[in-house]
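Just so we're on the same page: letters track the sequence lines, and every chain starts at 1. Keep in mind it's a predicted model, so treat the numbers as computed, not measured.
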Amino acid sequence: MRTSELSSRPGFTQTTIGRTVGRNWALFFLIFMVIVFAFTGSGFFEIANFQNIIHLSSTSILLAAAETFVIITGGIDLSVGFVMGLSSALAARIMVILSTTALPVPWIIILGSLAGLVISLIPGFISGTLVARFKVPPFIATMGMWGICNGITLRLCHGFFPIAGLPAALPELGNGYLIYIHPGKSITFFQKPEYLADNQIRELIRLIPFSFILITVVILILWFILHRHRFGQHTYAIGDNVDAAIRAGIDVNRHLVKIYMLSSFLAGLAGVYNVFQTGIGNYTTFSAMYELFAVAAVVIGGASLAGGKGRILGSFVGVLVLAVLKNGLAISGVEPFVRYIAVGVLLIVAVTIDQLFPDLF
Amino acid sequence: MKKTIVILLAGLFTLGIGTLPIASGESKASADGKITLLFMPGVADPFYTTMEKGVRAKAAELGVDVIVAEYPKSWGPEAQVPILEATAARMKFDAILIAPTSNDALIAPLKKLYNKGMEIITVDTFLGDGDYSKKSTYSFPLTYIGSDNELGGKLMAEKLAAMVGEKGKVFCEATNPDASSVADRVKGFKAGIAEFPEMELVGVEWCQDVQQVAQEQTLAALQKNKDIVGIFGTNVYSAQGSYQAVVNAGLTGAIKICSWDATQELIGALKKGQVDLVLAQKPAEIGALGVEWAVKFLKDKSVNVPKKIIPGFEFFTKENVNDPAMEQYIYK
Amino acid sequence: MNTTGKTCQQNLIGEMGKRWVFLFLLLEFAYFSISASGYFSFDTVQMILFYGTEIFLLASAELFVIITGGIDLSVGYVLGFATVISSKLMVVFASLGISPIGCILISIVITLVIGLIPGFVNGVLVAKLRIPPFIATFSMLGITQGISELLMQGIPAKNLPILAGSIGNGYLLYIVPGQALSFFHRPDVPRGVRVYEIIPNVVVFAFLFIAVFAFILKRMRFGQHLYAIGGNIDAAARAGINVRKNLVAVYMLSSFFASLAGIIYVMKYITGKADAGAGFLLDAIAAVVIGGASMFGGSGTVWRTILGCFVIAVLETGLRMMGTPTFDKYILVGVILIFTVLIECFFSNFKK
Amino acid sequence: MGYIIETRDITKRFGGLTAVDKVSMGVNAGEVVAVLGDNGAGKSTLIKMISGVHRPDEGSILLEGNPMKFENPMGALASGIETIYQDLALAENLNVSSNIFLGREKTKKRFGLFNVLDHPYMLEESKHVLDKLDIHIPSLKSTIRTLSGGQRQAVAISRSIYWDAKVLIMDEPTAALGIAEQKKVLNLVNSLKSQGIGIIIISHQMYDIFEVADRIIVMRRGRKVAERLVSETDPDEIVGLIVGAETVKK
């Protein structure tokens, strides 16, 4: 719903604490959940588990970040999931082709990844142009790209086969950790100690996954762009009031094209990273609904589909809210189907509390 | 300005209309009396793509035409039946090879096509209870060709038990409770594990055919039960997701992984030691058998077609994975 | 608030643009009639109608919500929920020895009542607790999915009354040329004899409801108020419209239509499952947008939404009948979707 | 003579902020009262309470001497209190007659069963009321979005007076208008006044106020700080009262 008397609650929101809590309910809810799950699920409150959650959320985080920019402008990008599949499949395909040449492995990986990233700019350029220049509703423009990207991806996959046969170094990089500690025995960096036998693996402590570093860097850059750079200011301006933005001299069309290209590039990055994480080129299955989850995370993170609102860190928290909910409930031993219900109910409860009792904190 | 728009529009139009026939690929089926078959896959996944290859190869060998319908986006009659009807409306096919996505829902539409004079062969999944030998509302198909999913699940349980010394906790990652074939595998696996008193199935998760979700669910399960010794992945996506979760957790080697469906990816993982056992159904063989029997029957209606054909499974292990004789069972 | 020029629908859609969807549909139909053999036939139209019923209903459901400026993501799984409830009920009642027709009718009524609950909850969440529609209905998506799966436990409903299937797959009229003509009941004919089937039952059923609500939307106070809420929620409230009550009603209506679609699903496929309608959601929303409604609310009509459904359905069916390979089909559907709206937008800009 | 509408010590708080603090005021039939004050003085909140958008935390509102409790704007409308908001509160996607009848659509029975919107009647009536006010709008079927600012204002006014208002509240009625259109609106106010309607006007346009108002109430920081008859004051004094300089002056 748009701003209106029905949803205004002046007074409280004018105080600093109120504003902080109101804007960050998702964060408070996240912290609250972590505390509760720490008691209900043995094995939840462990560094290894938090690392797992972040590690596996990294593609979702990238997709949500992509969606954030588009949603702030008042649009929606339904194609992120399939752009991710496209860049993943293309990167993998190029790597497979290059593997047959005498090229050294690092070059194969770099060239393949670059190809994946470059191709991901194209869908964004097209949907951006359609939305900005030809005033096609974002929903339809990106839904069209959804089908187009998927068709091309499946061609690259020769049907519904993930692309296998990639350099073995890929998953090692994608799933690697910065530090490996074998308590009382050794500390190694980048690689687990060689001497470890299979039955001793559980003793190893691993810290700081590479994915965490990637996510941190990307989030920091995007945060800077959105909140400290003119690009971000313009993005908000467009989402808030297109006419005002035009009158203020912002080249709205150009900016929108850039936004959709950025969104699609981040989806492409997610795709390329996915190749590193899984060691194969994955097409996106229809039931994945990545776009729906990305948009949900962004909205939970405080954005409005009407545009003009949204933050990168909010979206990051939004992804974690969903991920921690699922992980925590699973570890707490809640049955799978009950979990679907619980996720829905908890989300509703959290938003309701935020809306009903703004003075709670 | 207006003129440009008109020209642009006209251009786009001609382009659009011009490219359609090119993209439409297969030309209209021949009407010269050549046998034409329709292959209707169950859902978009490697299993059916492999089956399609078996179908195409056999059809080429026997000199019959085959048309492959669009791959449904999801498992269920609501996706499959409209495709079936639209594709079947193109012409009168001599026979239809179909993997019904619902035991009940497909009876009516297939019966309608059967009444129009097309022969039906169900592959991989079946109508009703799959027994076409006794008279019933669903006994009209020529035959059912497919794997015994429940048996497969049970075999997996036994083999997994043998690998882990018949004791310890195991976990099952499945896809979609609404897909009967997968539900049967889980049922068989549960029954198999129940025969070992020292083994316990600590959970069954459903990933809805999304590898990422399978990965998340398996990791959560590993975190909850740190002493899991074996995992069963019931199809391509769940198997790939669960073995990758084990790789992510750095527990390769400590946990035995059995996976259903032999994609190149899973065979590669087996070679690397990240997966321990891969069950290969024989999709290509199922497809080929379907074509073979259909053609046999269409050429001579007096041929006695067996009502159920079960091609069985192959198991890939570290020992036989490099055996050239096994190569044929990899899905590609 | 709606500013002009944000998206093309918010500009006044010119007369040409208004007619464009219809023109495009005719073009599509003409094209496929030429290039796909057997496309130009009464059967094809019936097939499109028959398999489109669920989407027609879901798109109408979505339209009501979108007019008020909201969105309902839960319709797909509410459909699934309704299939599960009604198929379970039919099995239970049948086991109690109630006559098939009784089973079916009672189950339908109960399902429609239960089907209002998700909508009521959505409505209260959105209207009273001011939760963004996206989050409220996204949560409801998970809740209905979970409940349905719990009820099914992975086993599809079996042994539904055979009558359900014959109603769901039946037609109003059957004609065997020169031999028989019967209503509702398919005459027994030997294999290979052509039976002409005219107008599927479920299509009549669905369109009855759609027509009623199209009427309500266009001609009655409730409909007028929905447009007012979507156009300017403050104005509506100050004009004395009970915005909250109307919003609750609209989400219940959406849920009601999704349940209707669920019942039709059960009658058609004589089975029920949680994810029965999961794949319909995006198509339903796309149909509403192609039909010219704005995602920001305040515009859209039922008949144009139905046209939007047809644009998609005719395209899908046509490409299937042409035998377009799967991957090319995905690409073409994408291109043509964009194309439809693109030209509509051209026309509306053209007029300005 | 009793006021047609009167407020007694009404107060409204939003969280920690007191937007309106114990304000008492009244309007006679056929009288125009202007409420003046700087931004944030509480004028809008005051009139929103009278028009039923907000409920007062304390105090009472009396219509023709009877205490009123409005649960929502509909209640106020039903009692004959009409409001024209600064943003006009028109649904831009609907047409002129739909907006005039918004929330109170005229329906007729069809088949004795359900109530159908009576569009011909509403169009006809809209035409009448617009004619009465000497307002010309090309087509009553065109949506508000296509109208000019003055036309929109006219629709908003027509909407209010159509319903036989006892009290009319106008929030910045001339702010968004051209000179000629302003003049027209002021004439409208005068003709409404002569029909015995009590009118409350909020405006920043001092000239307009002195043109049409009989009495002026000045608010500052939520409080009523002064009440003057137009005949006994001048713009300078009022400006002083608004900005809070009267003590200096005295």
Among the options C:S148, C:G70, C:G142, C:A136, pick out the one with the most heavy-atom pairs lying under 4.5 Å from chain A. C:G142
Most heavy-atom pairs under 4.5 angstrom with chain A, which of C:V335, C:I331, C:I135? C:I331
Are C:F327 and A:F160 near enough that their ring centres are under 6.0 Å apart? yes
Taking the six-membered ring for Trp, are the ring centroids of A:F286 and C:Y330 within less than 6.0 Å of each other? yes
Top of [options] for chain C proximity - count of heavy-atom pairs under 4.5 angstrom:
{"options": "A:I140, A:I246, A:I152", "result": "A:I140"}
{"options": "A:S127, A:G159, A:A342", "result": "A:G159"}
{"options": "A:V295, A:I126, A:I300", "result": "A:V295"}

Under 4.5 Å from any heavy atom of chain C - which part of [X]:
{"X": "A:L292", "value": "both"}
{"X": "A:L78", "value": "side chain"}
{"X": "A:A296", "value": "both"}
{"X": "A:L305", "value": "both"}
{"X": "A:V343", "value": "neither"}
{"X": "A:V252", "value": "neither"}

Does the side chain of [Y] come within less than 4.5 Å of [X]'s, by heavy atoms?
{"X": "C:L282", "Y": "A:W146", "result": "yes"}
{"X": "C:L342", "Y": "A:K135", "result": "no"}
{"X": "A:I148", "Y": "C:V333", "result": "no"}
{"X": "C:D328", "Y": "A:R155", "result": "yes"}
{"X": "C:V341", "Y": "A:P137", "result": "yes"}
{"X": "C:F138", "Y": "A:L322", "result": "yes"}
{"X": "C:T144", "Y": "A:I341", "result": "no"}

Tell me whether C:E28 at atom CD has more than 12 heavy atoms from other residues, nucleotides or ligands lying less than 6.0 Å away. yes
With a 6.0 Å cut-off (strictly less than), is the heavy-atom count around CZ of A:F125, excluding the residue itself, greater than 12? no
List the atom of C:P132, the atom of A:V351, and the distance in Å for their closest heavy-atom pair. CD-CG1, 4.3 Å
Write down the atom of C:S139, the atom of A:G344, and the distance for their closest heavy-atom approach. CB-O, 3.3 Å
Engaged part of C:A286 at the chain A interface, taking heavy atoms whose separation is under 4.5 Å: both
Relative to chain A, which segment of C:L125 carries a heavy atom at a distance below 4.5 Å: side chain, backbone, both, or neither? side chain
Separation between [atom1] of [X] and [atom2] of [Y], rounded to the nearest 0.5 Å:
{"X": "A:M289", "Y": "C:L281", "atom1": "CE", "atom2": "CG", "result": "8.0 Å"}
{"X": "A:T142", "Y": "C:I338", "atom1": "OG1", "atom2": "CD1", "result": "8.5 Å"}
{"X": "C:L141", "Y": "A:Y340", "atom1": "CG", "atom2": "OH", "result": "11.0 Å"}
{"X": "A:F139", "Y": "C:L337", "atom1": "CZ", "atom2": "CG", "result": "10.0 Å"}
{"X": "A:N150", "Y": "C:K329", "atom1": "CG", "atom2": "NZ", "result": "11.0 Å"}
{"X": "C:T326", "Y": "A:L154", "atom1": "OG1", "atom2": "CG", "result": "8.5 Å"}

